[in-house]
2 protein chains.
Amino acid sequence: MLDERRATILRAVVEGYIETAQPVGSGHVARREGVAVSPATIRNEMVALEQEGYLSQPHTSAGRVPTDKGYRFFVDSLVGPGELDAARRQQVKSFFASTHGALEDMLLSTSQLLSNLTDYAAVVVGPPHEQATIRSVQLVGLGARTGLVVAVLSNGVVEKATIDLADETGDERLAAATAHLSKCLVGGTLAALPEVSASGDVLLDDVCATSVRALSAGHETEPDHVYVGGASRMAVAFDAVETVRRVLGTLEQQYVVVGLLRDVMDRGLSVAIGTEHGLEPLAECSVIVAPYTIEGEPAGTIGVLGPTRMHYPQALAAVAIVSRRLGRRLSEG
Amino acid sequence: MLDERRATILRAVVEGYIETAQPVGSGHVARREGVAVSPATIRNEMVALEQEGYLSQPHTSAGRVPTDKGYRFFVDSLVGPGELDAARRQQVKSFFASTHGALEDMLLSTSQLLSNLTDYAAVVVGPPHEQATIRSVQLVGLGARTGLVVAVLSNGVVEKATIDLADETGDERLAAATAHLSKCLVGGTLAALPEVSASGDVLLDDVCATSVRALSAGHETEPDHVYVGGASRMAVAFDAVETVRRVLGTLEQQYVVVGLLRDVMDRGLSVAIGTEHGLEPLAECSVIVAPYTIEGEPAGTIGVLGPTRMHYPQALAAVAIVSRRLGRRLSEG
DNA sequence: GGATGGCAGTCAGTACGATCGAGTGCCAGC
DNA sequence: GCTGGCACTCGATCGTACTGACTGCCATCC
């Protein structure tokens with residue numbers, strides 16, 4: 001644990017670096033409020049902080065920069081969640097008052113809201129399909145030999161899968177299959193699809209089995225939906241083009257993003273700093289996550305992705321308030 | 001129209017600039033194959049080309065850079081679509097051999113394919129919903145007071161909209177409403193939704209009317225779906241961070257992208273260079289578009305977005321082959 | 001003994017000038 | 001009409017010097 005004076009100095013360095021993106025020297029720290037010692041003393045303490053791994057020095061005659069460990073101490077012990085300013089609070093309020101439409105649209109625009117609030121990229125993961133029960137199954141013919149299985153889940157998500165049909169499958173047979181599938185699947189989950197029981201009709205059983213396979217395959221390859229808002233803001237967060245490309249490229253891979261958020265949540269964190277999340281390409285980023293609940297049940301996750309030198313208090317506050325209000329909004333239906 | 005010699009020189013400048021991103025001087029042009037005159041002569045011709053607006057000079061002792069007009073002449077008169085190399089052709093082939101799944105997934109991965117082929121951002125716009133006829137309508141209850149209208153279209157797209165239900169709407173009434181809606185809507189299009197005819201039951205008519213309104217509203221606010229692949233590649237295409245942010249920000253606005261592609265298509269172009277498309281933030285970009293057809297009918301559009309100094313022949317070839325094979329693949333079902 | 005002021009040393013960033021080199025425009029000559 | 005030659009322009013590069021923001025260390029002070 002850190003001495004109070006050292007903690008104050010560390011805090012000054014972190015805040016200074018977040019503001020200016022420049023290494024912070026002993027002089028700057030001394031000039032800050034709340035620090036009542038001379039630069040020389042600060043230098044001595046900074047050596048200690050560096051040896052303990054909280055700070056690092058880009059080169060000899062430069063100021064200090066926080067390490068991941070330094071940021072970690074900062075968010076854990078030095079700052080609370082902060083408060084949003086009035087304008088942003090108003091923005092959140094009017095957003096949730098006016099938003100409407102399907103679940104997917106709402107999650108997408110929520111990610112944009114969160115990005116606007118923080119000036120970083122934002123991520124919203126929809127409710128997992130595992131837990132939702134199937135409310136309705138329907139088989140619709142499209143072309144001559146193509147059909148579409150449509151399953152409506154209790155959380156409002158619609159899953160679908162295309163299947164090939166035998167030539168002889170007519171409308172009445174599709175209706176029969178729909179009825180049979182409904183009987184077998186409604187009430188269950190996509191994660192644990194049952195075998196469809198035999199109906200006595202070989203062709204019909206075949207269609208049903210194909211449908212179940214297609215639904216199941218579609219569900220496995222495509223994990224929870226994720227909505228990324230404001231990715232373009234990462235372009236200004238770093239000055240190295242290569243870093244920008246790496247980060248944006250990673251954000252494009254949905255399954256990686258979902259995995260990242262899930263991983264952070266699983267470890268009970270609300271903030272993952274730098275390399276803590278283990279994703280090499282995002283080594284210079286921090287992630288702030290929060291779950292949202294629908295009617296008390298954990299439903300999904302929202303998060304903000306920014307540079308490690310991000311504005312933690314604001315971002316924490318934004319994530320907290322958006323997750324709470326999103327949950328409330330979705331619980332209303 | 002340009003003199004053959006001038007055309008050759010223009011071509012050399014454009015190709016040189018595309019390769020090196022540096023202004024091209026008379027010496028470089030002279031050293032190129034196919035140019036058999038001295039640098040001095042080339043200089044004279046370059047002055048003429050500059051006066052006619054094909055080239056411009058960043059500053060006095062620098063080489064020349066093509067203007068939008070220069071690129072335009074280049075793509076119109078100097079190069080054909082080019083050919084993909086064997087590796088890429090193979091990539092296209094195996095992609096379409098192995099891809100499967102729902103329409104949406106396929107369009108998304110097609111945009112990623114196109115981006116991989118060209119190293120630029122790629123865009124795929126799905127079939128417009130206007131023309132597709134409704135194959136099936138279903139009303140599903142979700143929560144106590146929430147319902148979901150699900151419409152399956154003939155092109156495989158599933159449209160949905162949430163509606164508020166009166167308390168007293170039970171399952172059997174939903175079934176009745178589903179039946180009634182089906183009778184009224186199936187066979188029509190989302191663009192021209194009919195009034196649902198009266199059934200004699202006030203409550204049921206109310207639910208049906210609400211459903212139609214919700215479907216119609218959802219369809220209007222949300223235009224054709226668009227899939228953007230490889231946006232991160234724009235990060236390396238420009239060296240000004242601000243340009244990168246502007247371009248990426250524009251790509252995030254789906255309706256702008258859809259409008260851009262539609263606009264370019266409507267004007268009968270397959271390439272829009274620089275400011276030709278009129279989108280201020282994309283002034284330094286060119287767009288290559290092509291329609292794809294399903295069973296002979298125009299279905300959607302694919303496109304590539306790159307810097308004006310993009311590699312036109314390859315990109316044209318990639319867009320052409322992908323649009324053709326995508327159409328063929330989708331026609332098979 | 002901990003804090004401080006002073007001091008020498010380090011090193012990135014900047015300013016300046018010289019030089020280089022790529023490129024131009026112009027002109028006389030072939 | 002093409003070409004070679006030439007003077008000129010001007011960005012890029014390089015070396016130098018300098019500045020300024022640091023640090024670490026040490027003697028001193030309370």
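Since the structure is predicted, the reported quantities are computational estimates derived from the model, not experimental observations. Naming: A, B, ... by sequence-line order, numbering from 1 per chain. The analysis underlying the following values was restricted to heavy atoms, covering all of them including side chains, and did not include hydrogens, waters or symmetry mates.
Note on A/S26: every side-chain N or O is 4.0 Å or more away from OP1 and OP2 of D/dC22.
At whole-Å resolution of the value, NE2 in A/H59 and C1' in C/dG9 are 14 Å apart. The CG atom of A/L49 sits 12 Å away from the P atom of D/dG24 (whole-angstrom rounding). A/Q51 places its CD atom 14 Å from the C1' atom of D/dT23, with the value rounded to the nearest Å. Rounded to a whole Å, the CG atom of B/N44 is 16 Å from the P atom of C/dG23. When the P atom of C/dG2 is taken as reference, atom CZ of A/R6 falls 11 Å away, rounded to whole Å. Residue A/I42 contributes atom CD1, which lies 12 Å from atom P of C/dA3 at whole-angstrom precision. Here D/dC22 presents its P atom at 10 Å from CD of A/Q22, a figure rounded to the nearest Å. Note: CG (B/L55) to P (C/dG25) measures 11 Å, nearest angstrom.
For A/T60, whose side chain is taken as the heavy atoms from C-beta onward, the closest listed nucleotide among C/dC11, D/dC10, C/dG23 is C/dC11. In the set C/dT10, C/dA3, C/dT4, the nucleotide with an atom closest to the side chain of A/R5 is C/dA3. Out of C/dT4, D/dG5, D/dC2, the shortest distance to the side chain of B/A40 is found at D/dG5.
Of the residues in residues 7-19 of chain A, none has a non-hydrogen atom less than 4.0 angstrom from any atom of DNA chain D.
Using the six-membered ring where Trp is involved, B/F73 and B/Y54 have ring planes that are perpendicular, over 60° apart on the 30 and 60° scheme.
Judged by distance alone with a 3.5 Å cut-off, a donor-acceptor contact links the side chain of B/R43 to the base of D/dG5. Checked by distance alone, A/R64 brings no side-chain donor or acceptor within 3.5 Å of a matching partner on the base of D/dG24.
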Working for side chain to side chain donor-acceptor pair (under 3.5 Å), residues B/T275 and B/D68: CA-CA 8 Å; B/T275 53; B/D68 288 356; 3.3 Å; yes

Got a list of protein N/O to nucleotides 15-21 of chain C N/O distances below 3.5 Å?
none

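Two residues are said to be in side-chain contact when any heavy atoms from C-beta on lie closer than 4.5 Å; A/L282 and A/H277 meet this criterion.
The pair B/R32-B/E15 meets the salt-bridge criterion, since a charged nitrogen lies less than 4.0 angstrom from a carboxylate oxygen. Look at A/D266 and A/R262 and you find no salt bridge, because none of the NZ, NE, NH1 or NH2 atoms lies under 4.0 Å from a carboxylate O. Remark: B/R6 engages B/E52 in a salt bridge, criterion side-chain N to carboxylate O under 4.0 Å. The residues A/D263 and A/R267 are annotated as salt-bridged, a charged nitrogen and a carboxylate oxygen being separated by less than 4.0 angstrom. Look at B/E280 and B/R246 and you find no salt bridge, because none of the NZ, NE, NH1 or NH2 atoms lies under 4.0 Å from a carboxylate O.
Residues satisfying the ring-ring contact (aromatic ring centres under 6.0 Å, His included) criterion with A/Y227, sequence neighbours excluded, are absent altogether.
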